[in-house]
*Asks:* 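Supplied in structure tokens, the structure appears directly below.
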Amino acid sequence: MKRNLALVSYSSSEEESNLEGVSRRAVPKKKKLPGLSPSLIVQTPKDDPALHQGRIRITPHVDGQWASHVYVSIRVERRSAMYNLVLDALKTAKNLEPALHDFPRVDENKSEKYFDLHVSLSRPIFLRTHQRDDLKREVKSLAEKSNNFKISFTSFSIFNNDEETRTFLALDIGSGHRELKLLSDGLLPFLANLRQKEYYADPRFHASIAWALLQGTTSCPPQMKVTFAEPDNHASMAENHSSPLLSGLLPTQVAPSVNALRPIHHLPGSLTTILNEQYASPLSSKSCSAFDIQELCAKIGKDVFSWRLKG
């Protein structure tokens, strides 16, 4: 006997109801992953000239790269004739060119300010993290085989950085040039090994005392140009070795607005003529010269290191 199998049919409304029932089933939501801790997020440096006296970064920031340079330091005490001469010269210079800005003096223990003049012995040296100790060893070795010496200043000059973004009023080195050249040349094998630029073949060693922003191509007479590292930090002179004379702001100072930092095409040609007529003679006198150089210094990033010359 055959059994008839009845086919069960559903209305379209029933089908839709079943489908809706399936769709209404709760679908488990995926949990969101927790956000990264702010301490783990690497912040990309933002170049804001308004925060750095109108200066701009010349070399783009690269993680793990350390801007460095080697120099000697000259401390000019407040009660010295040289200190007063530099102050007077700066006043005269800024009267002739108001766009000039002198570098802040070091305020040691908030009681005694002094000038910390720097004479560069290298261009900016860009190191990878593992190369920092190599530079320290090289500078320490160079210091240990170099004797103390004396330097003096002879005149005022104007220098531009290679990128034509800033111009500097500086003091030229007189005696001590030979010893500075030997120290600078002593770095050549190390720099060549790192494929870094050597210092100038015929350098004019100097210490900068004031600067101004440049606008466009300068039209001043040809000058010896020197390159200055523009570090990320703009701290006090005691920490910042970005140029032959440390640039930056004291902790209590507020950076002036960019509008107040008026760019110029060049410093007036009469500036050094007037300064040398007034100050060259006392600058080269015994009371203002013969500074002892007893240390060789290097700045790597924000860190400053120094080693005694052998004596």
Side-chain angles (χ1 to χ4, degrees), residues 42 45 55 57-75 106 116-149 151 159 161-163 173 176-208 225-248 292-311:
V42 178
R55 292 171 291 181
R57 187 192 300 274
I58 300 302
T59 302
H61 172 79
V62 177
D63 287 336
Q65 179 172 275
W66 302 79
S68 314
H69 84 287
V70 182
Y71 63 95
V72 297
S73 176
I74 304 164
R75 177 165 171 154
V106 176
D116 189 14
L117 307 182
H118 287 190
V119 181
S120 289
L121 300 174
S122 75
R123 295 174 185 255
I125 305 168
F126 298 100
L127 304 173
R128 305 305 295 178
T129 299
H130 67 277
Q131 296 171 331
R132 291 179 296 173
D133 286 340
D134 295 337
L135 177 61
K136 289 190 283 185
R137 282 191 292 268
E138 184 69 21
V139 178
K140 179 182 178 182
S141 175
L142 182 58
E144 290 174 344
K145 58 187 178 184
S146 302
N147 293 318
N148 295 345
F149 60 98
I151 67 171
F159 297 84
N161 64 353
D162 285 341
E163 294 77 17
I173 296 294
H177 187 282
R178 174 181 171 276
E179 289 82 359
L180 293 170
K181 184 69 162 61
L182 289 174
L183 289 172
S184 182
D185 288 348
L187 297 170
L188 293 180
F190 176 77
L191 296 176
N193 186 51
L194 294 184
R195 298 183 179 181
Q196 298 276 332
K197 288 184 178 181
E198 63 183 49
Y199 204 48
Y200 300 93
D202 186 21
R204 285 176 55 192
F205 295 108
H206 61 278
S208 299
K225 299 175 184 176
V226 288
T227 302
F228 304 110
E230 298 285 359
D232 295 335
N233 63 310
H234 298 269
S236 69
M237 289 179 62
E239 299 174 346
N240 185 351
H241 295 256
S242 64
S243 66
L245 174 65
L246 307 180
S247 60
D292 291 318
I293 302 300
Q294 300 178 346
E295 292 183 338
L296 186 57
C297 306
K299 185 181 180 188
I300 303 175
K302 296 180 181 180
D303 298 322
V304 177
F305 306 91
S306 62
W307 295 269
R308 299 279 296 184
L309 302 180
K310 73 177 184 179

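The structure displayed is predicted, hence computed values, not measured ones.
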*Asks:* To the nearest 0.5 Å, what is the distance between CG on L194 and CZ on F126?
*Replies:* 12.5 Å
*Asks:* Evaluate side chain to side chain contact (heavy atoms under 4.5 Å, CB included) for V72 paired with L296, printing each intermediate quantity in order.
*Replies:* CA-CA 5 Å; V72 297; L296 186 57; 4.0 Å; yes
*Asks:* How close do L117 and S208 get, counting heavy atoms only, and between which atoms?
*Replies:* CD2-O, 4.4 Å
*Asks:* Is a side-chain donor or acceptor of S120 paired with a backbone partner of Y71 at a separation under 3.5 angstrom?
*Replies:* no
*Asks:* Any chance you could measure L180, atom CG, to D185, atom CG, to the nearest 0.5 Å?
*Replies:* 11.0 Å
*Asks:* Kindly indicate whether the side chain of L135, heavy atoms from C-beta on, has any atom under 4.5 Å from the side chain of S68.
*Replies:* yes
*Asks:* Any side-chain heavy atom of F149 within less than 4.5 Å of one from L183?
*Replies:* yes
*Asks:* Roughly how far, to the nearest 0.5 Å, is the CG atom of L127 from the CD atom of Q65?
*Replies:* 8.5 Å
*Asks:* Look at the side chain of R123 and the backbone N and O of E198, then say whether any donor-acceptor pair between them is shorter than 3.5 Å.
*Replies:* yes
*Asks:* How long is the gap from NZ on K302 to CH2 on W66, to the nearest 0.5 Å?
*Replies:* 9.0 Å
*Asks:* Taking atom CD1 of I74 and atom CD1 of I151, what is their separation to the nearest 0.5 Å?
*Replies:* 3.0 Å
*Asks:* Report yes or no: does H130 contribute a side-chain atom to a donor-acceptor pair with the main-chain N or O of R128 at less than 3.5 Å?
*Replies:* no
*Asks:* For a quick test of reading the model, state the closest non-hydrogen atom pair linking P124 to H69 and the distance between them.
*Replies:* CA-CB, 4.5 Å
*Asks:* What is the minimum heavy-atom distance between A201 and K181, and which atoms define it?
*Replies:* O-CE, 3.5 Å
*Asks:* If you define the side chain from C-beta out and look only at heavy atoms, does anything of K299 sit under 4.5 Å from V304?
*Replies:* yes
*Asks:* Answer yes or no: is there a side-chain heavy-atom contact under 4.5 Å between Y199 and L191?
*Replies:* no
*Asks:* How close do L142 and G186 get, counting heavy atoms only, and between which atoms?
*Replies:* CD1-CA, 4.1 Å
*Asks:* As an exercise, state the distance from CZ of R75 to CG of D116, rounded to the nearest 0.5 Å.
*Replies:* 8.0 Å
*Asks:* What's the shortest heavy-atom distance between S122 and L187, and which atoms?
*Replies:* CB-CD1, 4.3 Å
*Asks:* Counting C-beta onward and ignoring hydrogens, is there a side-chain heavy-atom pair between K136 and I300 closer than 4.5 Å?
*Replies:* yes
*Asks:* Restricting to non-hydrogen atoms, name the atom on H177 and the atom on P203 that form the minimum distance, rounded to 0.1 Å.
*Replies:* NE2-O, 3.1 Å
*Asks:* Please examine the side chains of Q196 and F190, heavy atoms only from C-beta on, and report whether any two atoms are closer than 4.5 Å.
*Replies:* no
*Asks:* If we only count heavy atoms from C-beta on, is the N147 to K310 side-chain gap below 4.5 Å?
*Replies:* yes
